[in-house]
Amino acid sequence: MARTENHKERMAEALGAFLAAPPPNMPLELLEAFGNMVQTEDGVLPPRVFQEAVMQSPVAISITNIQAKILYANHAFLRMTGYEEHELIGKNQSILSYKVTPIEVYQELWENLLAQKPWNGVLINKRKDGTRYLADLTVAPVLGMEGETSYYLAMHRDVTEVHELEHQVRNQKVLIESVVDMAPVLIALLDIKGEVVLGNQAYQRLSNDLQGEEPAKLILSALSDVMGAEIFIGARHGHNFLNKEIQIELPHATGANTGSMVGTKWFSCSEIWVDESNIAVDDYFEHKEKECCLLLVANDVTQQKQQQEQVRTNAIRALMAEQQLVHGMRETLSGAVFQLQGPFNMLSAALAILTRRGEDANDPLQTALQEVLNIGETVVGNLNAALPRRTKEAVQPVNLNEVVHEVLSISTERLLAQGVQVDLKLAPALPSVLGHRYELCSLVKQLVDNAIDALGEPGVVRRELLIATQLSDDNVEISVQDTGPGMVDANRFKVFEPFFSGWKQAKSKAGMGLTIALEVAKYHGGSIEIMPQNQYRQGCLIRLLLPLQAPRQLTDEMNK
Ligand code: FAD
């Protein structure tokens, strides 16, 4: 567009008072350009306002000619650089150069300006006193009426402190991330929905061991069980806790070495709720409820736990040996009572017949029979009285995964001696049931012992034992499957009768084991079932179900 006298007049009018008192060295064309800039829809902004705004702006502003010679610098520029105005006017902007900014940066700056494009970047500047600072510089060409570059407008801020802070934050972040990542404890950060947003290396390792299962979910589920409350309920208010112990199972632990806690990991867990400020711009003025994150820290205490378990297992072994002795005595005495009861019943029947016939009451046979019966009753009574009583145990929460491990630990020698391959498929996190711990151990041991006996039967080639636990509806289930000779359907219920024994090899057994096991299961509100042969390929599959909701007799016993 050609510049006309008319245009000059309009500009002069528009700039009004600003033209009457222009800043020193500020050329007319520059004022024209600014005049164009301050045109608003409602008219023209008084130039004095514009001039004051530039002068007082907290950002360092300078205007140069196209060789970068300074024509104008505002107060902030003078404050920031330490120069007086007269020391700057007419000097190249390079007066601020600390001479360490790479030449490529300047080349890029100038390439943009020559192409009439603005440029933004960071330079290292020096003040009059020689101190240096980081300048976040924006330069833009100011075009004349005919589209040619007439001036350059520059604005810069001292960003040294911001840069230092940024670096400090970045360094701290790197440091914290490295420490968290390398920490031997497992650390995970979960969002409010329970999704893992961050997990350190120890967490990733466990994730690999769990073959795709999310460790945090298992840990939280196990914690919910231990603490008797859903961890995510009331999350926003955050209930922190420290050092709660839980156990989880690694999947598919296979091997003859069943003595150690193969596949079980113990963790001491702490949970801290972290308030996260909302950084969304829209929420700047609104004090919305803060977002909560859950910091989960889990320390692997498996080794210590294994040592404790070893001590406990030894104690259980001793206790179970005693219990077995008691069981054996009960079995033998019950057997004797049972055996005696038959002949006595026959004698009693004979006596009843003789009495009904109205034979002489002084008949020596009747008298002898009566005497024998009396002696018999006394003997049976004495034997019953001699039956050792079941030892009373406290009711407590029992984790059946632990029970399985304990039983396997006790049975290690037998398993190894018979070359049995054990396959464990334990539920990664199993809720506890209420019960008598040692009785339940004896029960599971009975099932395992039976399976080992079955694997020792003649003709068994593959000796494998699969023990699995799972949550099944409102029950905890343990299944024990062997690759022995199996059981004919006709015996599926008979085996629970006293003195039933179908073993070819283990003939010495009295046949009370499953009877007592069923008694224990029933007392705990549960059941034992031998699955029909057509439901699996080989051997025998026996399933024990124990309810999560303890039966009345157990809760009553506990509340006594
Ligand atoms: P110079 O020889 O001046 O420049 C280095 C390179 O820049 C040259 O090789 C050339 O490629 C290019 N160049 C320089 N002048 C021109 C030109 N007139 N036309 C085309 N290309 C050119 N520098 C700072 O260090 N700090 C600042 O705060 C700063 N602010 C500036 C503000 C404005 C508005 C402008 C236009 C420039 C600014 N500069 C600033 C750049 C400054 O003018 C110098 O280019 C720079 O400081 C390097 O100076 P030098 O003496 O080391 O090298």
Side-chain angles (χ1 to χ4, degrees), residues 11 15 18 22-39 47 50-167:
M11 284 307 300
L15 290 170
F18 187 63
N25 297 324
M26 191 175 265
L28 180 61
E29 288 84 352
L30 188 54
L31 291 173
E32 276 181 18
F34 292 145
N36 281 334
M37 281 191 236
V38 294
Q39 293 265 358
F50 179 67
Q51 185 197 7
E52 277 301 313
V54 173
M55 195 71 100
Q56 304 302 335
S57 165
V59 180
I61 297 176
S62 62
I63 296 158
T64 71
N65 69 7
I66 56 169
Q67 278 83 39
K69 276 201 179 139
I70 301 171
L71 304 176
Y72 171 76
N74 74 349
H75 291 327
F77 192 101
L78 305 180
R79 270 198 310 275
M80 194 176 293
T81 60
Y83 286 104
E84 299 290 333
E85 191 178 18
H86 69 269
E87 292 173 307
L88 287 171
I89 303 300
K91 299 278 167 32
N92 193 290
Q93 282 268 170
S94 64
I95 190 173
L96 299 181
S97 171
Y98 192 69
K99 305 290 179 202
V100 287
T101 304
I103 184 86
E104 295 77 25
V105 178
Y106 295 126
Q107 277 169 356
E108 194 193 291
L109 177 157
W110 282 108
E111 271 167 26
N112 276 276
L113 292 185
L114 291 178
Q116 296 194 326
K117 287 189 210 153
W119 178 88
N120 171 257
V122 177
L123 307 173
I124 302 175
N125 273 2
K126 78 165 190 295
R127 300 186 184 87
K128 183 181 172 186
D129 62 7
T131 55
R132 61 184 191 272
Y133 65 97
L134 275 182
D136 181 357
L137 173 71
T138 302
V139 275
V142 179
L143 305 187
M145 298 304 290
E146 291 173 12
E148 80 290 2
T149 304
S150 308
Y151 304 96
Y152 293 123
L153 175 69
M155 286 181 280
H156 79 271
R157 288 183 308 129
D158 180 350
V159 291
T160 317
E161 217 169 303
V162 176
H163 173 78
E164 279 170 7
L165 280 174
E166 262 174 23
H167 261 264

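All residue numbers refer to positions in the sequence shown, counting from 1. Both counts, for ligands and for their atoms, begin at 1 and track the order of listing.
For atom 46 (C) of ligand 1, the protein comes within 4.0 Å by at least one heavy atom. The presence of a protein heavy atom under 4.0 Å from atom 28 (O) of ligand 1 is confirmed. Distances from atom 3 (O) of ligand 1 to the protein include no heavy-atom value under 4.0 Å. Less than 4.0 angstrom separates atom 51 (O) of ligand 1 from at least one non-hydrogen atom of the protein.
In this structure, a donor-acceptor pair under 3.5 Å is present between the side chains of S97 and Y106.
Any N or O atom pair closer than 3.5 Å counts here, and Y152 shares no such pair with ligand 1. In terms of N/O distances under 3.5 Å, ligand 1 is not approached by H156.
Close approach of ligand 1 to N125 (heavy-atom distance below 4.0 Å) involves ligand atoms 24 (C), 25 (O), 26 (N), 27 (C), 28 (O). If you number the atoms of ligand 1 from 1 as listed, the ones under 4.0 Å from a heavy atom of N92 come out as 42 (C), 43 (O). Short contacts between ligand 1 and V139, defined as distances under 4.0 Å to a heavy atom of the residue, involve ligand atoms 32 (C), 33 (C), 34 (C). Contact atoms of ligand 1 toward L113: 36 (C) (distance under 4.0 Å to a heavy atom of the residue). Those atoms of ligand 1 with a heavy atom of A154 less than 4.0 angstrom away are 32 (C), 34 (C). Each of the atoms 7 (O), 23 (N), 24 (C), 25 (O), 46 (C), 47 (O), 48 (C) of ligand 1 lies under 4.0 Å from some heavy atom of Y106. Annotation for ligand 1: atoms under 4.0 Å from non-hydrogen atoms of S97 are 25 (O), 47 (O). Residue T64 has at least one heavy-atom neighbour below 4.0 Å for each of these atoms of ligand 1: 34 (C).
Residue contacts with ligand 1 include K99, since one or more of its heavy atoms lies under 4.0 Å from the ligand.
In this pair, H156 and Y133 present their aromatic rings parallel. The plane angle is below 30°, not in the 30 to 60° band.
The proximity of L153 to ligand 1, defined as any non-hydrogen pair under 4.0 Å, does not occur for either the backbone or the side chain. Contact annotation: for T101 versus ligand 1, there are no heavy atoms closer than 4.0 Å.
Nearest to atom 19 (N) of ligand 1 by heavy atom, out of W110, F77, Y98, is W110.
Summarising the geometry of I95 relative to Y83, their closest heavy-atom pair is CG1-OH, 3.6 Å, with the distance given to 0.1 Å. Residues A60 and M80 approach most closely at CB-CE, 4.0 Å, considering heavy atoms.
Protein heavy atom at the shortest distance from atom 30 (N) of ligand 1 is Q93 NE2, 3.0 Å. Looking from atom 9 (O) of ligand 1 to the surrounding protein, the closest heavy atom is I103 CD1, 4.0 Å. Nearest protein neighbour of atom 49 (O) of ligand 1, counting heavy atoms only, is S94 CB, 3.4 Å. The nearest heavy-atom contact from the protein to atom 11 (O) of ligand 1 is Q107 CG, 3.7 Å.
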Could you walk me through whether Q93 and T64 pass the side-chain hydrogen bond (donor to acceptor under 3.5 Å, both in side chains) check? CA-CA 8 Å; Q93 282 268 170; T64 71; 5.7 Å; no
